[in-house]
Amino acid sequence: MTGVAPALSVRGLRSGYGNGGDIVCGIDLDQAPESILAVIGPNGSGKSTFVKTLAGLLRPRAGTVVVTGTDVSHLSPARRVASGLAYVPQEANVFGNLTIGENLKLATEFLSGRAGVGPAQRQQVMALFPEIAVRPKLLAGNLSGGQRQMLAFACALLANPEVLLLDEPSAGLSPKFVGETMEAVTRVRESGVTVLLVEQNVAAALRVADEVMVLVAGRRSLRVPARDVSSADLAALFFAKAG
C-alpha cells in the first residue's frame with residue numbers, strides 16, 4: 001500500500017470473552033480505501049469475534065484499531081460510528097415492526113458531530129438502493145431477506161462512514177437474495193466506502209472481493225488477491241497452519 005494511507009489499520013488485535021483465552025490472536029491488517037476485503041475461514045476461526053471487536057462490541061485485550069488515521073481502539077460503538085466506522089450485524093439489523101422510513105430516520109436520530117450526515121447523504125444512499133427508496137411506508141418485517149439487508153446497509157451508510165463492517169450478510173438467504181446482496185455490497189464500494197466483509201459463503205464473497213484474508217484459529221493464515229483463490233484451494237486454505 002505504498003503511498004496510500006489505509007482506510008482501516010489493525011495492529012496486534014487480541015480479544016475474547018470473559019475469562020477465556022484469546023479468540024482473536026494478534027491480527028495485523030491494513031486495508032486500502034474503497035476496497036472490499038473478504039474475511040473467510042472455518043467455523044470457529046474467530047471471524048465474527050474479529051468484526052465485533054473492530055465495531056467496539058467487544059473490548060480488545062490488546063492492539064489498536066485505526067480508521068482513516070483516527071485511533072478508535074477505546075471508543076464506544078456509537079463513537080466509532082461518529083469516527084467513520086459503521087457496522088451491520090448478522091442478525092436483528094433492522095426493526096421489523098417499523099417502516100422503512102422509520103428505520104432510516106432512527107439510523108441517524110442520535111448521531112451528531114459526524115460530517116456529511118444529512119439530506120445530501122440520504123439522497124445518495126437512496127440512489128444506491130432504489131428497491132427500498134420507493135416504499136418508505138412498508139414495514140421492514142414485510143421485506144424479503146435481501147431487501148432487509150439492503151435496508152440495513154442503507155441505515156449504516158446514512159452515517160457517511162469511511163469503513164463499513166458486514167458480518168455474514170448472506171446468512172440464511174436464498175441463492176437469489178445472496179446474489180442481490182453481494183451486488184449491493186459492490187454498489188457500496190463503488191460509492192467510495194471501504195468494505196470489510198465477514199462471510200461464510202466463500203464463493204459469493206470471492207465474486208465481489210478485491211482481497212481475501214483467511215483466519216484459522218484466530219490468526220491470519222493467508223491474505224491474497226481474490227482472483228488468486230480458486231475453489232480447489234479452499235480446503236487447503238481453511239486447514240492450513242496459521243502463522
Distance-only check: which donor-acceptor pairs under 3.5 Å involve side-chain atoms of residues 9-21, not counting sequence neighbours?
| from | atom 1 | to | atom 2 | distance (Å) |
| --- | --- | --- | --- | --- |
| S9 | OG | D30 | OD1 | 2.7 |
| R11 | NH1 | L29 | O | 3.4 |
| R11 | NH1 | D30 | OD1 | 3.4 |
| R11 | NH2 | D30 | OD1 | 3.3 |
| R11 | NH2 | D30 | OD2 | 2.7 |
| R14 | NH1 | D22 | OD2 | 3.1 |
| S15 | OG | T53 | OG1 | 2.8 |
| Y17 | OH | T49 | OG1 | 3.2 |

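- Within a 6.0 Å radius of CZ in R227, other residues, nucleotides and ligands contribute 12 heavy atoms or fewer.
- Side-chain atoms of E190 never come within 3.5 Å of backbone atoms of R187 as a donor-acceptor pair (strictly under, hydrogens ignored).
- Checked by atom type and distance alone, the side chain of R220 never pairs as donor or acceptor with a backbone atom of I27 at under 3.5 Å.
- Taken to the nearest 0.5 Å, the CG atom of N142 stands 9.5 Å off from the CZ atom of R135.
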Using atom types as modelled, flag every donor-acceptor pair under 3.5 Å from a side chain in residues 152-165 to any protein atom, sequence neighbours excluded.
| from | atom 1 | to | atom 2 | distance (Å) |
| --- | --- | --- | --- | --- |
| N160 | ND2 | A115 | O | 2.9 |
| E162 | OE1 | R114 | NH2 | 2.8 |
| E162 | OE2 | R114 | NH2 | 3.3 |

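- For the pair F50 and M213, the minimum side-chain heavy-atom distance is below 4.5 Å.
- We find the CD1-CD1 distance between I100 and I132 to be 6.0 Å, quoted to the nearest 0.5 Å.
- Hydrophobic clustering, with ILVMFWY side chains joined whenever heavy atoms are under 4.5 angstrom apart, groups V88 together with V125.
- By the 4.5 Å heavy-atom criterion applied to side chains, Q124 and Q121 are counted as neighbours.
- Of all heavy-atom pairs between A184 and M150, the closest is CB-CG, 4.1 Å.
- Considering every non-hydrogen atom in both V65 and S73, the closest pair reads N-OG, 2.8 Å.
- When all heavy atoms of V4 and P33 are compared, the closest pair comes out as CG1-CD, 3.6 Å.
- Taking CE of M182 as the start and CD1 of I36 as the end, the distance is 9.0 Å to the nearest 0.5 Å.
- Here NZ of K47 is found 9.5 Å from CD of E199. Values are rounded to the nearest 0.5 Å.
- R223 has its side chain within reach of E211: a pair of non-hydrogen atoms, C-beta onward, lies under 4.5 Å apart.
- N93 places a side-chain N or O within donor-acceptor distance of the main-chain N or O of P89, the cut-off being under 3.5 Å.
- Inspection of the S48 and D167 side chains reveals an N or O donor paired with an N or O acceptor under 3.5 Å.
- Of all heavy-atom pairs spanning D71 and V66, the tightest one is CA-CG2, 4.1 Å.
- A side-chain N or O of Q147 and one of S144 form a donor-acceptor pair less than 3.5 Å apart.
- A 4.5 Å side-chain heavy-atom check between Y87 and K52 finds at least one atom pair inside the cut-off.
- S35 places no side-chain N or O within 3.5 Å of a backbone atom of Q31 that could act as its donor or acceptor partner.
- Put simply, F129 and V208 are part of the same group of oily side chains (I, L, V, M, F, W, Y) that touch within less than 4.5 Å, one to the next.
- Although no hydrogens or angles enter the test, the distance criterion places a donor-acceptor pair under 3.5 Å between the side chain of R80 and the main chain of V72.
- Contact of the L37 side chain with the L197 side chain is not registered, since no non-hydrogen atoms from C-beta on lie closer than 4.5 Å.
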Could you go through the side chain to side chain contact (heavy atoms under 4.5 Å, CB included) check for T99 and E102 one step at a time?
CA-CA 5 Å; T99 66; E102 289 167 339; 3.2 Å; yes

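- A continuous path of Ile, Leu, Val, Met, Phe, Trp and Tyr side chains, each step under 4.5 Å between heavy atoms, connects V229 with V216, placing both in one hydrophobic cluster.
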Could you go step by step and tell me if Q200 and N43 meet the side chain to side chain contact (heavy atoms under 4.5 Å, CB included) rule?
CA-CA 8 Å; Q200 194 67 29; N43 289 333; 3.2 Å; yes

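- Side-chain contact of N201 with E168: a donor-acceptor pair under 3.5 Å is absent, judged by distance alone.
- For the atom pair CG (N103) and CG (L98), the distance works out to 5.5 Å, reported to the nearest 0.5 Å.
- In the hydrophobic clustering of ILVMFWY residues, with side-chain heavy atoms under 4.5 Å counting as a link, V193 and V117 come out apart.
- Hydrophobic clustering, with ILVMFWY side chains joined whenever heavy atoms are under 4.5 angstrom apart, groups L104 together with L138.
- You'll find the side chain of L196 reaches within 4.5 Å of the side chain of L8, heavy atoms only.
- Between R189 and D210 a salt bridge is recorded (basic side-chain N to carboxylate O distance below 4.0 Å).
- For the pair L166 and Q90, the minimum side-chain heavy-atom distance is 4.5 Å or more.
- Here the closest non-hydrogen pair linking G46 and I23 is CA-CG2, 3.9 Å.
- With a 4.5 Å cut-off on side-chain heavy atoms, V67 and S83 do not count as touching.
- Here the straight-line distance linking atom CD1 of I40 with atom CG of L206 works out to 5.5 Å at 0.5 Å rounding.
- Taking both residues in full, the closest heavy atoms of A204 and V178 are given as CB-CG1, 3.7 Å, listed atom of the first, atom of the second, then distance.
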